[in-house]
Structure formats: structure tokens, C-alpha cells
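One structure is given here, and the rest of the page talks about it.
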Amino acid sequence: MNEISALLHGFSVILTPTNLLLMMVGITLGVLIGVLPGLGGANGVAILLPLTFSMSPTSAIIMLSCIYWGALFGGAITSILFNIPGEPWSVATTFDGYPMAQQGQAGAALTAAFTSSFIGALLAVIMITFLAPLVAKFALQFGPPEFFAVYLLTFCSFVGMGKGSPFKILASMGIGFALAAVGMDTVTGQLRLTFGIEELMRGFDFLIAVIGLFGIGEILLSMEEGLAFSGKSAKINPKVVFETWKQLPRYWMTSLRSALVGIWMGITPGGATPASFMSYGLAKKMSRDGAKFGTGQLEGVVAPETAAHAAGTSALLPMLALGIPGSPTAAVLLGGLLIWGLQPGPLLFVEQKDFVWGLIASMYLGNIAGLIVVLTTVPLFASILRIPFSIIAPIIVVICAIGAYTVHNAMLDVWLMLLFGLVGYIFKKLDYPLAPLVLALVLGDKAEDSFRQAMLVSQGDLSIMVSNPLVGTITGLALLLLVWPLISKALAKVRKPKAQQFAAEQPVD
Amino acid sequence: MDQQDTAATGSRGVATFTVEIFIAVLIFAFGLTVLFGSRNLGSGWTSDGPGAGYFPFYIGLILCIASAGTIWQTMRAGRGDGEVFADGEQIKRVLTVLVPAGIYVAAIWVLGLYIASAIYIAGFMIILGKFSPLKSVVVALVFSALFFAMFEVWFKVPLYKGLMDPLRFLGY
């Protein structure tokens, strides 16, 4: 099998002492980011991006993706011990995780969460190993219209699958696109929408937006709630770990189902957050102990954690194979690729074999390393949460400021970060989703380029978007998703409305 | 939220309805700006393909439509049960973070990142955290030194030293 030999080659690329060390550093930093309020996968990776500028692309992506795994693992610690989800995708973990901790089973809940995360990620990585090269090979035949159709599909699926008001999703996306258009036009070289302000020539960098929206915005939200941590202490010893592991095989069906939900939601830009809620809801409905969910069921921890990690991992598939990220964090990793001079997209699998397979191999190793690190260091990270918020908050603001400054060495960016922070706070409170804004800001230029190229080919005839079965199907699917809110409303009127339990959840990760 | 609760916390807050409309109007204005800005660039078809303003023009249009839709939805839902965006206490708490953060960024501009950060962390701890000045200053200095070592020395990423550059004597 081609993929297996390529993967083994990937392992030989990454198995150097430096890379293994970077992996450990990355995981530890990632868990730290996941545990601290205000720092998450997306802005954590964005802030640490400048530190990797001097590394080789392979080493850099290994460290950054390990930060990402670490952040996914870390979210579970705060949800279970403190009932505070460190990341939006671990909200569902609190439902059963915190009750377990209250009953003195924190160790079991944590072990179950970490192990399920690991299993979810592993299944997703196996899927990526075999599916990504196929998708990339298929995408090599794509021309500008096909690529634009895929972009269209990405953005329309936000509207179709998002849970909030479709107008707000559109508005958030439009702001992203508009900000992306500011600056030098890539085709004609004209300055666009700068309104005579010279500093705007560079345009808006999405890294600044990510750091502000997710970092500063989160700090403002935490502050508003007047955070007071009151956590349960965690004791994890090998005995608890093995006893929990003995129980886990009973829930294999839940794990498998959740992983599938996660993989599906991760590839389509649904994201880890809705995936975790959906699989928690499914597990509750299908489990024999469904009625007891919410009182501290091990299964209620397994389901959301498996799905969140599977989704977080599979979000990297469209990024690798098509150059279209499935989540803001994947978008930041994609931004990293561009900075290191790699062109993401299907050609990556042909031209940068070492890099791609090194990254995929590091997903396997990174998750194993992650499991070991989190199982051994939980008490340490839990103690970080006992540091008062009035020490952590200013330090996080400082870290965000440093991160924003280092992107372009510009003071204006630090001001913009603050502004984006305020926007993030208000948008989160009003249920404007942030993910579409970030993705539109990242992909805006590329979507526009492919649109303009397609229009040049067709001399301005929009029918090129349905000119062959492939592009027609993708465009059709995109338009279907765009009007889905209307269709589902019509359907709901025909059928009897069902009680929606997690309707308020937004894909914000 | 029951009636009593609303009466207790909601009396001196900002209604979600007001903020919702305000933000939607802002987005609408933003959309109009984009719309006219790109029209000036040439949003039509030029001799060598779509003009520079072609794509942004429609983005501006989408923004206007989306914010008009949000206003319509909010209006239709009405003020409802008078849901509160943030009550007085919450606004105060948010401002106690936001205002110092603004001063901090201005201080970076003048004093450079390391010194401004040290003052900011110490000030935040003393005033908002009610820590003893000694402990606060030690924590602030330790973190600033750590950042300095990490960025200037280990990773060789120079950070902003400010207009006055008070750390010039260190030679970095």
C-alpha cells in the first residue's frame, strides 16, 4: 500500500531527537493554553507562530500541531475539575464530567476523557492517512471554477449547518471578506478600501483578528462573569487509570459513533463544538442509561470527548488536501504554511511529500505523547487554575499583545487586537459566530482570485459554475446549504416541532 | 430568569435589544462604506476581467442585506422580556479590564513592551487583585524578565522597545 510506505517514510522524517523534544514542548504548551481561560487552540497557535519562524517547516508544523493536540486535551481538565470549559468544545464534557468529580471520581472521568480523546483522534488520523491523498489526487483536476465552488460550499455550509440566525452568520462572514479585501489587490495592484490610510496597505492580518477575537474577547467575558475558581482536586494513579480502561471497552459503540460524528463534522466546517454536543445528544438518546446522563455517567464523558477530538483532527484534512481549513485553528496552521513558503492545496502531496507525511506521522506520535503527558501531569495543570484570575488575566493580555506585535512588528496591530477583542466580546454575547469571520478573512483573497479567474475564463458568464457535472454538483450542494435555513423552517411548519435541547450552541471554536 | 431577577439586575443595565440594533446598524454602515468604496474602484467589468471592486461590491451588498435582516428579526421579536446585555456591575467589570488594557497599549507605544508589561501586571495585581505591592512587583518583574529572555535572547525575536527606548543600556 502506497500510503503505508509513505507514512513509514514520514515517521523516519520526524523521528529525530529535536522533533521529539519539540513535540513534548508543543504538547505541554498546548495543555497550558487549553487550561488557561482566554487562550485557546486558535489564538494559542497564532501567538506561538512567530517562535517557529526560524525552524524548518516540518519541525515548525510538528510543534504547532502538537500545541493543537495539547489544547484539545487540556480543555477536558478544566471542564471536569472546575466545571469551566476551557474551550467551547468541552462544554458538553462538563455535563457528566463535573458530577463525576463531585462524587470523587475525578480520576476516572479524566482518564476516560483523555483516552476517548486519543481514540477519537486516532480514528480521524487513520481516516486522514487514507483519504487525504485520494482527495488531493482528485482535487488536482480542479480548475478555478471548481475551487471557487468548494469555497462557496465551505461558506454556505456555515449558513446551512450553523444553529443561530443565518443573517448573523452572513454578516460575520461578510465582515471577514470585507476586511480581507482591504489593501493591495492581488490582480491589478490597486489599493483597495484603504481610504488613504497608509498603514492599511498591508491589509488586516487574520492572526491579529484571531488573537483579539478569541484571546481578549474571552478575557472580557471571563471578567464579566467575575470568575471564582472552586475546583475539585484530582488524583490520578495507575490503579485508577487501569480500572477506567477496563470499563471503557463497554462503550465501544458510543466511541465509534461519536468518532464518526466528529469526523464528519470536522471535514465539513461544522467544527468540534457542535460535534461534541451532537454526539452527547445521540449517546443520551441511544444509551441504556440515557436517563441517568448528567448525573456522572462515564459514557457521557466518552461521547463528547471522542467527537471533539475526532472533529478537531479531521479539520486538518481539507486544509492539507484542498488548502481550505475546516476550523479557525486549522486556518492558523494554514497561515503558518504560507509564511514558510509552502502553497497549501493538492499539489502539497506531490511537491512536499516529506512535509505532508511528516505532519501525518506526527499526528500519530503527537497524540500518543499527548496522552502520556496529560495522564502524568494533571495535578500540575490543575494547580495552575488555582492561581487567582487577577494574576493570570494581565499576563494573558501581555502575551496577546506580544503575539499581535510580532506578526508584523507593527504597533497598529496591537491597537487592532484590542478593537477585535471588544468586537469578539460583543459578538459572542449577541450570538454572532466568530469562525466564519476568521475563515472568510483567511480565505477571502483566495476565494476572490479563483472567482475572478473563473470569470475571466468564461468572459463573465456565471453559468461556468454549472458547466460540468463536478462543478455543478458542488455549486448545487452549496446553494442547497445556503437556503437550508428556509427549507428547514418550511419542514418544521409541516411536521410537528421537536424539542431541541442544544439549539443555542454555536460553532465558535 | 424570573420576574424578580429581572427587576433586581435588569434595572440599570443595557438591554440586549438596544445593543443588537446598534451593532446591526454599525454593520450596515460598514457595508455601505465597502459598497461605495468598491464602486469608486470600479465594480464593473473592465477590459481585462472583473475590476478590483467587483467582488467587494457584492460583499458590501451582502453585509447590508444581512444587517437589515438582523434588524428586521430583532424588531419582530420585539423587546420581549427585556433581556439584559450586561448589567451595571458587569459593564463595570468589563471596563476595569478594557480601560487599563487601552492604557497599557498606549504605554507600550511610549515605554516599550517590557517596561509597560511590568507596570501593567503589577498595577493590575495591586489595584484589582488587592495583592501586596511587594508580591505584585516581584511577579511583574519575573514575568517581564522571562519574556525578555525568551524573545530577545533565546528566540531572537525583537519586541517593541518604545519611543523612549528606556532599555537601551541592555544593548538589545
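Throughout, a chain's letter reflects where its sequence line sits, starting with A, and its residues are numbered from 1.
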Is any side-chain heavy atom of Tyr160(B) less than 4.5 Å from a side-chain heavy atom of Val414(A)?
no
When Val398(A), Leu170(A), Val423(A), Thr406(A) are compared by non-hydrogen pairs under 4.5 Å with chain B, the top option:
Val398(A)
Got a second to check how far Met125(B)'s CE is from Ile395(A)'s CD1, nearest 0.5 Å?
7.5 Å
Hey, what do you get for CG (Leu128(B)) to CD1 (Ile391(A)), rounding to the nearest 0.5 Å?
12.5 Å
When heavy-atom pairs shorter than 4.5 Å are enumerated against chain A, which of Gly60(B), Ser67(B), Gly129(B), Ser144(B) gives the highest number?
Gly129(B)
Between atom OG of Ser390(A) and atom CZ of Phe124(B), what is the distance when rounded to the nearest 0.5 Å?
7.0 Å
Would a 4.5 Å heavy-atom cut-off, applied to side chains only, mark Phe30(B) and Ile175(A) as touching?
yes
To the nearest 0.5 Å, how far apart are CD in Glu448(A) and OH in Tyr58(B)?
13.0 Å
Could I get the full list of salt bridge (charged side-chain N to carboxylate O under 4.0 Å, His left out) partners for Glu20(B), not counting sequence neighbours?
Lys168(A)
Spacing of CE belonging to Met223(A) relative to CG belonging to Leu98(B), to within rounding of 0.5 Å:
11.5 Å
Measure the spacing between CD1 of Ile27(B) and OG of Ser172(A) and express it to the nearest 0.5 Å.
8.5 Å
What part of Phe177(A) is in contact with chain B, defined as an atom under 4.5 angstrom from a non-hydrogen atom: side chain, backbone, both or neither?
both
Identify which part of Leu41(B) has an atom lying under 4.5 Å from any heavy atom of chain A, answering side chain, backbone, both or neither.
both
At a 4.5 Å cut-off on heavy atoms, which part of Val139(B) comes close to chain A: side chain, backbone, both, or neither?
side chain
Hey, can you tell me if Phe167(A) and Trp72(B) have their rings parallel, tilted or perpendicular (30° and 60° cut-offs)?
perpendicular
Side-chain heavy atoms of Tyr405(A) within contact of Ile108(B), under 4.5 Å
no
Side chain, backbone, both or neither: which part of Phe143(B) has an atom under 4.5 Å from a heavy atom of chain A?
side chain
Best-contacting candidate, Leu113(B), Val105(B), Val97(B), against chain A by heavy atom pairs under 4.5 angstrom:
Val105(B)
Side chain from CB out, backbone as N, CA, C, O: work out which of these in Thr33(B) comes under 4.5 Å of a heavy atom of chain A, or both, or neither.
both
List for me each residue that meets side chain to side chain donor-acceptor pair (under 3.5 Å) alongside Asp449(A), sequence neighbours excluded, and say none if there are none.
Thr186(A)
Considering all heavy atoms of both residues, which atom of Ala178(A) and which atom of Leu63(B) are nearest to each other, and what is their separation?
CB-CD1, 4.2 Å
Does any heavy atom of chain B fall under 4.5 Å from the side chain of Ala181(A), the backbone, both, or neither of them?
side chain
Answer key: most heavy-atom pairs under 4.5 Å with chain B among Lys429(A), Met455(A), Met173(A) is Lys429(A)
